[in-house]
Chemist: 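To start, I am sharing the structure in question, which I have written as structure tokens.
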Amino acid sequence: MAALRSSRRAFLPPLCRAFAGPGCQLAPERGAERRDAASGRVSGFCPPRKSCHDWIGPPDKHSNLRPVYFYVPENESPLEQKLRQLRQETQEWNQQFWANQNLTFRKEKEEFIHSRLKAKGLELRAGSGQKATLDAEEMADFYKEFLSKNFLKHMYYNRDWYKRNFAITFFMGKVALERVWSKLRPKPKTST
């Protein structure tokens, strides 16, 4: 049993961590520079230069998702490259969706609160300077309305999310098989 566990541990890390190899290089996040410049945010996170693994950064302030900085080995195969690119594209797509969704949510929430307070004859700020709020039941109306209004958007997002994850899982399997095959394949003998 212990031998099975140790062999499983030896096999799983290549699937779980980014493609470790002798050379170390991190893949650039395409479009990240544009997003950072457009939003005016500056991330202080930078993975170590000599790292041979993927790194997960701090949460994005717009999407609340943690970006992944992908490791690129020097001897990356075309199949490994396709998998990494698919993962990067999926991350960018996911970051963009949730950044837009969160922006819409905050904007509509503020508009809802403002309209309800105005209907009650109240201002956004109370006399003491504190921000006026609504009770939980009133906010439940907003959450229900927001979810209903965005039902189709979330349904399409979930459908696409599952498609992308199945594709990534499929390519991870192909990469694992490629690695096993390269280890099992007889090496050509060199004459000395």
Side-chain angles (χ1 to χ4, degrees), residues 12-13 15-20 24-49 51-72 81-117 124-126 129-172:
L12 285 178
L15 292 175
C16 299
R17 64 179 151 80
F19 314 104
C24 299
Q25 176 186 356
L26 290 171
E29 251 189 84
R30 287 181 294 138
E33 296 83 10
R34 285 193 312 266
R35 265 197 331 269
D36 288 348
S39 65
R41 75 185 164 116
V42 177
S43 173
F45 179 76
C46 183
R49 286 196 167 284
S51 175
C52 295
H53 305 285
D54 287 349
W55 279 75
I56 299 173
D60 178 87
K61 71 178 185 180
H62 301 290
S63 69
N64 293 326
L65 300 177
R66 293 178 175 271
V68 178
Y69 299 86
F70 294 95
Y71 163 70
V72 182
Q81 182 181 12
K82 184 166 175 73
L83 173 59
R84 179 180 47 80
Q85 288 171 344
L86 182 60
R87 291 176 67 209
Q88 283 176 306
E89 289 167 8
T90 299
Q91 174 183 284
E92 291 168 13
W93 168 81
N94 202 23
Q95 289 277 358
Q96 193 61 47
F97 175 84
W98 285 109
N100 291 339
Q101 190 66 7
N102 290 343
L103 180 69
T104 302
F105 176 82
R106 285 186 207 106
K107 181 181 171 198
E108 290 183 18
K109 181 179 170 186
E110 286 299 316
E111 289 171 359
F112 177 83
I113 291 171
H114 183 69
S115 69
R116 286 286 173 105
L117 290 174
L124 282 176
R125 299 260 175 211
Q130 275 190 316
K131 195 171 184 179
T133 59
L134 299 175
D135 64 19
E137 286 183 25
E138 289 176 300
M139 289 309 297
D141 293 338
F142 166 73
Y143 298 133
K144 180 181 177 188
E145 179 184 321
F146 184 82
L147 289 173
S148 296
K149 190 165 58 174
N150 289 283
F151 176 78
L152 282 178
K153 187 191 294 187
H154 288 149
M155 186 179 72
Y156 292 135
Y157 166 81
N158 284 333
R159 182 198 61 196
D160 291 346
W161 176 247
Y162 282 113
K163 282 182 183 178
R164 287 171 180 269
N165 277 300
F166 282 131
I168 289 169
T169 303
F170 176 73
F171 277 103
M172 287 178 84

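What you see is a predicted model, and the numbers here were worked out from it, not measured in a lab.
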Chemist: Would you check if Met139 and Thr133 make a side-chain contact, meaning some heavy-atom pair closer than 4.5 Å?
Modeler: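 No, too far: nothing below the 4.5 Å cut-off.
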Chemist: So, Gln88 versus Arg84: side-chain donor-acceptor pair below 3.5 Å or not?
Modeler: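 Checked: Gln88/Arg84 side chains pair up, N/O donor to acceptor below 3.5 Å.
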Chemist: Report, as yes or no, whether the 6.0 Å neighbourhood of atom NZ on Lys82 holds more than 12 heavy atoms from other residues, nucleotides or ligands.
Modeler: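 Counting other residues, nucleotides and ligands, NZ of Lys82 stays at 12 neighbours or fewer.
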Chemist: With rounding to the nearest 0.5 angstrom, report the CG to CD1 distance, Leu134 to Ile113.
Modeler: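 Result: 5.5 Å between the selected atoms.
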Chemist: Take a 6.0 Å sphere around CZ of Phe170 and say whether it holds more than 12 heavy atoms from other residues, nucleotides or ligands.
Modeler: no
Chemist: If I take atom CG from residue Asp60 and atom CD from residue Gln96, how far apart are they, to the nearest 0.5 angstrom?
Modeler: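 That separation rounds to 9.5 Å.
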Chemist: Report the distance from atom CG of Asp54 to atom CZ of Phe70, rounding to the nearest 0.5 Å.
Modeler: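 Here the interatomic distance stands at 6.0 Å.
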Chemist: Which atoms form the tightest heavy-atom contact between Ser63 and Ala99, and what is the distance?
Modeler: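 Smallest interatomic distance, heavy atoms only, reads CB-N, 3.7 Å.
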Chemist: With side chains defined as the heavy atoms from C-beta onward, is the minimum distance between Arg116 and Phe142 less than 4.5 Å?
Modeler: no
Chemist: CD of Glu108 to CZ of Phe146: how many Å apart, nearest 0.5 Å?
Modeler: 5.5 Å
Chemist: Just verifying a value: how many Å separate Asn100 CG and Thr104 OG1, rounded to the nearest 0.5 Å?
Modeler: 6.5 Å
Chemist: State yes or no: are the ring centers of Tyr157 and Trp93 separated by less than 6.0 Å?
Modeler: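 Between Tyr157 and Trp93, the centre distance is under 6.0 Å.
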Chemist: Between Gln91 and Leu65, does the side-chain contact (heavy atoms from CB on, under 4.5 Å) criterion hold? Intermediate values first, please.
Modeler: CA-CA 9 Å; Gln91 174 183 284; Leu65 300 177; over 6 Å; no
Chemist: Would you check if Leu83 and Met172 make a side-chain contact, meaning some heavy-atom pair closer than 4.5 Å?
Modeler: yes
Chemist: Which atom pair, heavy atoms only, marks the closest approach of Arg106 to Lys61?
Modeler: NH2-O, 4.1 Å
Chemist: Measuring only between side-chain heavy atoms, which start at C-beta, is Asp141 closer than 4.5 Å to Lys144?
Modeler: no
Chemist: If we only count heavy atoms from C-beta on, is the Trp98 to His62 side-chain gap below 4.5 Å?
Modeler: no
Chemist: Atom CG of Asn64 and atom CG of Asn102: how far apart are they, to the nearest 0.5 Å?
Modeler: 5.0 Å
Chemist: Indicate yes or no: at least one non-hydrogen side-chain atom of Arg164 is less than 4.5 angstrom from one of Asn94.
Modeler: no
